[in-house]
Amino acid sequence: MKDQIDAIQTEALARIGAVADARSLEEARVAILGKQGSLPQLSAGMREVPKEQKAEVGQLLNGARQAITAALEEKKDALQAAADARALEGIDPTLPARALHHGSLHPLTLIRHQAISILRRMGFALAEGPEIETEFHCFDALNTPADHPARNEKDTFYFDSGKLLRTHTSTVQIRTMETGKPPVRIIAPGSAYRRDEIDATHLSVFNQLEGLYVDADVSLGDLKGTLEYFLHELFGADTEVRFRPHFFPFTEPSFEIDVKLHAKGQQPKWIEVAGCGMVDPAVFEAVNDSRGDLAYDPARVTGFAFGMGLDRLAMIRWGIKDIRLLIENDTRFLRQFA
Ligand code: DAH
């Protein structure tokens with residue numbers, strides 16, 4: 001029996017040593033250690049071993065099983081290591097990895113975040129309103145007469161229902177005042193829609209940021225200070241800002257705000273970035289009518305409002321010459337903001 005154990009172990013180790021692939025290794029394991037394998041077959045002969053030798057033979061059997069199992073494990077590891085080495089042949093794993101392109105925020109998102117964060121620091125809260133609007137919220141309540149060119153079917157997208165796609169975010173001024181009492185200090189970023197011919201400076205869907213501040217004593221000085229501070233934060237403290245008298249139906253007096261742009265290799269020039277003004281009392285009256293109270297009594301409250309084009313701010317901020325780049329999603333353009 002002892003000799004047989006020896007012989008099986010020697011033969012098994014030799015067979016395992018000669019194996020060259022995982023499949024032959026498994027075959028060898030089954031042939032040696034499997035139920036019908038040579039070692040278990042031999043173990044069955046324990047019954048005939050004289051009692052006084054049983055312990056010794058048992059130990060030999062165990063020793064053989066352990067040696068064979070260890071050899072199988074070792075061979076398995078060696079085969080795996082060889083396979084790994086083959087897979088890496090000709091590859092230098094110490095070379096730097098190929099760069100992954102991470103996504104990045106769109107310039108419009110960036111400028112919106114920056115504008116919002118500056119204005120929130122100044123106490124403005126975010127507000128919103130629907131993009132499908134009534135003529136009342138888009139025009140009438142904003143003191144825009146029935147024959148105003150902006151109301152024209154050529155300029156505005158109307159639905160058969162008589163509703164429309166808002167042409168500006170000023171609608172949120174009305175929505176906010178309808179639902180809340182003064183003081184009101186809100187900003188409303190969002191899309192606006194116009195039937196414009198698309199070119200380098202016009203899109204039919206564009207982005208605005210509206211602001212409204214109504215309280216007991218809001219002055220033109222507050223308006224100037226707020227917007228100057230905002231533009232200096234956004235474009236840099238030495239940015240020149242000017243307020244140019246203008247007309248909007250919903251503010252009186254009204255202004256357009258320009259910043260002086262110093263583009264490389266060009267004469268500095270004034271560029272319009274926003275409209276603003278003191279809320280026209282007619283707007284407060286329309287709001288009171290809609291609310292059915294006198295919460296916005298023009299004798300007791302005043303306010304200022306402003307609306308700026310976010311696309312335009314982005315274009316100025318980064319010297320983008322064509323507004324269409326903002327919607328084309330060309331990664332060669334977008335990657336520059338990563
Ligand atoms: N709604 C105007 C536009 O789209 C911009 C504007 C001008 C908004 C003056 C205002 C404002 O709030 O006071 O052209």
Side-chain angles (χ1 to χ4, degrees), residues 115 119 122 124-131 133-145 148-152 155-157 164-178 184-196 201-215 218-228 230-231 241-259 271-284 286-287 296 298 301-313 315 323:
L119 289 158
M122 300 173 79
F124 287 88
L126 278 170
E128 60 181 3
E131 293 181 7
E133 262 296 6
T134 62
E135 281 200 82
F136 174 76
H137 291 94
C138 198
F139 298 126
D140 299 303
L142 287 161
N143 196 32
T144 308
H148 192 281
R151 303 184 69 145
N152 201 303
D155 294 314
T156 302
F157 293 105
L164 49 80
L165 288 176
R166 68 180 181 194
T167 58
H168 52 184
T169 46
S170 302
T171 53
V172 185
Q173 291 186 34
I174 307 303
R175 294 264 169 205
T176 305
M177 289 191 283
E178 278 179 333
V184 162
R185 187 156 42 176
I186 57 103
I187 47 173
S191 307
Y193 303 82
R194 286 182 203 169
R195 278 183 112 113
D196 274 329
T201 52
H202 295 87
L203 294 175
S204 47
V205 186
F206 56 104
N207 297 275
Q208 291 191 324
L209 188 144
E210 192 77 17
L212 175 69
Y213 178 24
V214 180
D215 204 344
V218 181
S219 71
L220 187 53
D222 295 328
L223 163 62
K224 279 193 79 176
T226 301
L227 290 173
E228 258 167 16
F230 169 76
L231 290 167
V241 177
R242 80 175 177 195
F243 289 72
R244 187 165 34 77
H246 196 74
F247 174 80
F248 295 104
F250 34 91
T251 43
E252 179 59 32
S254 305
F255 305 89
E256 277 189 336
I257 310 175
D258 301 332
V259 295
I271 303 241
E272 179 220 322
V273 292
C276 66
M278 301 304 293
V279 178
D280 194 305
V283 173
F284 290 140
V287 166
Y296 290 85
V301 295
T302 50
F304 70 70
F306 56 91
M308 45 200 155
L310 282 177
D311 315 78
R312 190 164 202 143
L313 291 184
M315 290 171 79
I323 196 171

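Remember, predicted model here, so these are calculated numbers, not experimental data. Note that ligands are numbered from 1 as they come in the structure, with each ligand's atoms numbered from 1 the same way. What you see below is based on every heavy atom in this structure, not just the backbone, and it leaves out hydrogens, waters and symmetry mates.
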Could you tell me which non-hydrogen atom of T171 sits nearest to which non-hydrogen atom of E133, and how far apart they are? CB-OE2, 3.7 Å
Atom 12 (O) of ligand 1 has as its nearest protein heavy atom E210 OE2, 2.6 Å
Under 4.0 Å to a heavy atom of F248 - the qualifying atoms of ligand 1, by number: 7 (C), 9 (C)
Check for a donor-acceptor pair, side chain of Q208 on one end and backbone N or O of T169 on the other, with a separation under 3.5 Å. yes
Atoms of ligand 1 less than 4.0 Å from G275 heavy atoms? 7 (C), 9 (C), 11 (C)
Please report the interatomic distance CD1(I323) to NE2(H202), rounded to the nearest 0.5 Å. 8.0 Å
In ligand 1, which numbered atoms sit nearer than 4.0 Å to a non-hydrogen atom of G277? 13 (O)
G211 versus ligand 1: do any nitrogen or oxygen atoms come within less than 3.5 Å of each other? no
Do R312 and I271 have side-chain heavy atoms sitting under 4.5 Å apart? yes
Regarding atom 3 (C) of ligand 1: of the candidates E252, R166, R194, which has the closest heavy atom? R194
Please confirm whether F304 comes under 4.0 Å of ligand 1, counting heavy atoms of the residue only. no
Shortest non-hydrogen contact from C276 to T251? O-OG1, 4.0 Å
Which bit of C276 is near ligand 1, meaning a heavy atom under 4.0 Å away: side chain, backbone, both or neither? backbone
Closest heavy-atom contact between I186 and V172? CD1-CG1, 4.5 Å
Taking atom 11 (C) of ligand 1 as the reference point, the nearest protein heavy atom with its distance: F250 CE1, 3.4 Å
Only heavy atoms of Q173, strictly under 4.0 Å: list the atoms of ligand 1 that pass. 12 (O)
Before you tell me yes or no, could you show the steps for H168 and F250 under ring-ring contact (aromatic ring centres under 6.0 Å, His included), namely the whole-Å CA-CA distance, both residues' side-chain angles and the distance that decides it to 0.1 Å? CA-CA 12 Å; H168 52 184; F250 34 91; 5.7 Å; yes
Per-atom contacts, ligand 1 versus A305 - under 4.0 Å to a heavy atom: 12 (O), 13 (O)
Side chain proximity check, L227 to F243, heavy atoms < 4.5 angstrom: yes
Could you establish whether S254 and ligand 1 come within less than 4.0 Å of each other, counting only heavy atoms on the residue side? no
Taking the basic N atoms (NZ, or NE/NH1/NH2) and the acidic carboxylate oxygens, is any pair closer than 4.0 Å for R244 and E272? no
Are any of the N or O atoms of S170 closer than 3.5 Å to those of ligand 1? yes
Would you say Q208 contacts ligand 1, with heavy atoms under 4.0 Å as the rule? yes
